[in-house]
Amino acid sequence: MSLKNHPGHPQHRRPMFQTNQSTCALFVGTWVRDDSYPLYQYSNCPIIDAEFNCQLYGRPDSDYLKYRWQPLNCVLPRFDGLVFLSKMRGKNVMFVGDSLGRNQWESLICMISASTPKMQTQIIRGDPLSTFRFLEYGLSISFYKAPYLVDIDVVQGTRILKLEGIDENGNAWRMADVLVFNTGHWWTHKGSLQGWDLIESGGKYYKDMDRLVAMEKGLRTWSNWVDTYVDRTRTRVFFQSISPTHYDPSEWGIGATATVTKNCYGETAPMTGTTYPGTYPDQMRVVDEVIREMHVSTYLLDITMLSELRKDGHPSIYSGDLSPTQRANPDRTADCSHWCLPGLPDTWNQLFYTVLFY
């Protein structure tokens with residue numbers, strides 16, 4: 001049984017499906033206008049970080065909130081926070097990765113909270129681990145910051161990225177019932193954004209190396225950890241595919257559009273159609289290959305293409321992390337890599353919910 005092709009048909013539950021075994025290609029589709037969205041208001045969700053809180057920080061348009069992802073040959077079940085709580089009672093869901101993982105973590109908490117506004121909750125914020133608890137249901141939803149998944153050791157002030165080291169991070173993941181991993185953006189960062197000073201691999205130290213090679217080595221260390229330590233009878237493992245950025249208008253605009261803006265600033269509508277004319281990230285080829293070779297079933301939440309179409313979904317200059325001076329200079333400061341909340345990560349979580357429970 002699979003998700004049915006017509007609205008109003010009762011949804012049949014199945015314990016788990018992989019998209020390639022299903023009649024529903026979840027990640028191929030189009031964005032359709034739906035005025036019943038968003039699923040929550042920013043003012044009703046206390047956990048949204050300033051950098052994602054676009055409405056609070058002055059974003060003037062709101063049409064970007066009114067789109068629903070429509071797979072080509074099925075209808076997604078609407079997210080129901082009470083269903084999530086009851087099915088995940090007593091469980092620990094953990095997002096692991098970079099700030100895109102934090103984006104998704106906060107979105108899921110907002111979506112569940114909208115169904116249960118008076119429920120007792122508790123938040124413990126820390127670094128690298130933050131946990132939000134829905135006390136009545138004994139459900140913990142955590143975010144563990146590990147932008148490369150593998151470990152970084154600091155030795156006498158020098159940050160060493162250990163491509164074969166993961167035990168320090170991994171110890172924190174072992175008790176989770178659901179793990180959602182992501183990595184990608186930090187592997188390409190250079191200069192002041194680079195998160196390490198030296199790379200350690202094979203017992204040697206490098207000042208730099210091909211970043212795609214480094215990412216593949218790190219991902220293989222991660223996949224070996226999952227294959228070794230995850231109890232597949234108890235824990236479900238997901239990997240969030242690469243979240244795209246929109247810094248190059250030539251990818252989506254021709255002629256006049258491309259000359260007006262240098263990035264996502266001022267974009268208020270998604271791309272039409274089902275495919276994105278930009279480039280498919282090289283990093284995804286590495287992710288696909290590593291996941292294919294794993295022994296523990298790891299579900300790829302393949303959100304890259306559907307997110308590519310949402311050039312309108314980024315904070316741009318409407319981020320609480322920017323000063324007024326920075327906001328006045330969108331060409332240099334617009335954030336076209338994270339996503340507004342409410343916004344696109346809510347769809348990631350609707351897809352996550354669908355795969356978990358249907």
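With sequence neighbours excluded, the residues that form a side-chain contact (heavy atoms from CB on, under 4.5 Å) with S43 are Q41. Under the salt bridge (charged side-chain N to carboxylate O under 4.0 Å, His left out) criterion, R133 pairs with no residue at all, not counting sequence neighbours. Residues passing the side-chain contact (heavy atoms from CB on, under 4.5 Å) test with F79 are L39, F84, L108, M111, I112, Y353, sequence neighbours excluded.
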Which is it for F27 and S241 under the side-chain contact (heavy atoms from CB on, under 4.5 Å) test, yes or no, and what are the steps along the way?
CA-CA 11 Å; F27 306 104; S241 70; over 6 Å; no

Any chance you could lay out the side-chain contact (heavy atoms from CB on, under 4.5 Å) test for V213 and M215, step after step, and finish with the verdict?
CA-CA 5 Å; V213 170; M215 179 178 168; over 6 Å; no

Determine, step by step, whether K262 and D248 satisfy the salt bridge (charged side-chain N to carboxylate O under 4.0 Å, His left out) criterion, reporting the C-alpha distance in whole Å, the side-chain angles of both residues, the deciding distance to 0.1 Å, and the verdict.
CA-CA 7 Å; K262 291 197 165 77; D248 181 4; over 6 Å; no

side-chain contact (heavy atoms from CB on, under 4.5 Å) assessment of I291 paired with M294
CA-CA 5 Å; I291 287 180; M294 291 174 70; 4.2 Å; yes

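Residues T158 and L198 are in side-chain contact: their nearest non-hydrogen atoms beyond the backbone lie under 4.5 Å apart. Counting heavy atoms from C-beta outward, Q350 and W69 have side chains that stay 4.5 Å or more apart. R211 has its side chain out of reach of Q283: every pair of non-hydrogen atoms, C-beta onward, lies at least 4.5 Å apart. Between D210 and L212 the shortest side-chain heavy-atom distance falls below 4.5 Å. Residues F134 and E136 fail the side-chain proximity criterion, which asks for heavy atoms closer than 4.5 Å. Residues V178 and M88 have side chains in contact (heavy-atom distance under 4.5 Å, counting atoms from C-beta outward). Looking at L163 and M209, their side chains come closer than 4.5 Å, going by heavy atoms from C-beta outward. Looking at heavy atoms from C-beta onward, F181 lies out of side-chain contact with F238 at the 4.5 angstrom threshold.
Residue pairs meeting the ring pair (Phe, Tyr, Trp, His ring centres under 6.0 Å) criterion with at least one partner in residues 38-61, sequence neighbours excluded, are F52-H338. The salt bridge (charged side-chain N to carboxylate O under 4.0 Å, His left out) pairs that include a residue from residues 334-351 number zero, where partners must be two or more places apart or lie in different chains. For the disulfide (SG to SG under 2.5 Å) condition, the pairs that include at least one residue of residues 286-354, sequence neighbours left out, are C54-C340, C264-C336.
Shown here is R332, whose CZ atom has no more than 12 heavy atoms of other residues, nucleotides or ligands within 6.0 Å.
Here the closest non-hydrogen pair linking L322 and S316 is CD1-O, 4.0 Å. Between N263 and D331, the shortest heavy-atom contact is ND2-O, 3.6 Å. Contact record, S337 with T245: CB-CG2, 3.5 Å, taken as the closest heavy-atom pair. Nearest heavy-atom pair across G97 and L149 is CA-CD2, 4.3 Å. Contact between L100 and D98 at its shortest, heavy atoms only, is N-OD1, 2.9 Å. The nearest pair of heavy atoms linking W252 to E267 is NE1-OE2, 2.9 Å.
The existence of a salt bridge linking R327 and D321 is excluded, since no basic side-chain nitrogen approaches an acidic carboxylate oxygen closer than 4.0 Å. Between D177 and R236 there is no salt bridge, since none of the side-chain N atoms of the basic residue sits less than 4.0 Å from a carboxylate O of the acidic one. For the pair D49 and R102, the salt-bridge criterion is met [side-chain N within less than 4.0 Å of a carboxylate O]. Salt-bridge formation is not detected for the pair R159/D153: no Lys NZ or Arg NE/NH1/NH2 atom is positioned less than 4.0 Å from an Asp or Glu carboxylate oxygen. Under 4.0 Å is where a charged nitrogen must lie from a carboxylate oxygen, and between E293 and R220 at least one such pair does.
Side-chain heavy atoms closer than 4.5 Å link hydrophobic residues (I, L, V, M, F, W, Y) into clusters, and following such links, possibly through other members, connects F95 to V355. Note: the hydrophobic cluster containing M271 does not contain V32 (ILVMFWY, side chain heavy atoms under 4.5 Å, direct or indirect links). The hydrophobic clustering, which links ILVMFWY residues whose side-chain heavy atoms are closer than 4.5 Å, places L219 and Y206 together. When hydrophobic clusters are built by joining Ile, Leu, Val, Met, Phe, Trp and Tyr residues whose side-chain heavy atoms come closer than 4.5 Å, directly or via intermediates, L82 is grouped together with F357. Under the 4.5 Å side-chain heavy-atom criterion for Ile, Leu, Val, Met, Phe, Trp and Tyr, V28 and L344 are members of distinct hydrophobic clusters.
A cation-pi geometry, defined here as NZ or CZ lying under 6.0 Å from the six-membered ring centre and within 45° of its normal, holds between R59 and Y64. Both tests pass for R78 against the ring of Y37: distance under 6.0 Å to the centre and angle within 45° of the axis. Both the sub-6.0 Å distance and the 45° axial angle are not jointly satisfied by R68 relative to the ring of W31.
Aromatic pair Y229/W173: ring centres not closer than 6.0 Å. With ring centers used as reference points, F239 lies 6.0 Å or more from Y299.
Side chains of W348 and S243: a donor-acceptor N/O pair is absent below 3.5 angstrom, by distance only. Checked by atom type, the side-chain pair S142/T131 shows a donor-acceptor distance below 3.5 Å. A donor and an acceptor atom, one from each side chain of W187 and T183, are located under 3.5 Å apart. Using modelled atom types and a 3.5 Å distance limit, the side chains of Y67 and D34 yield no donor-acceptor pair.
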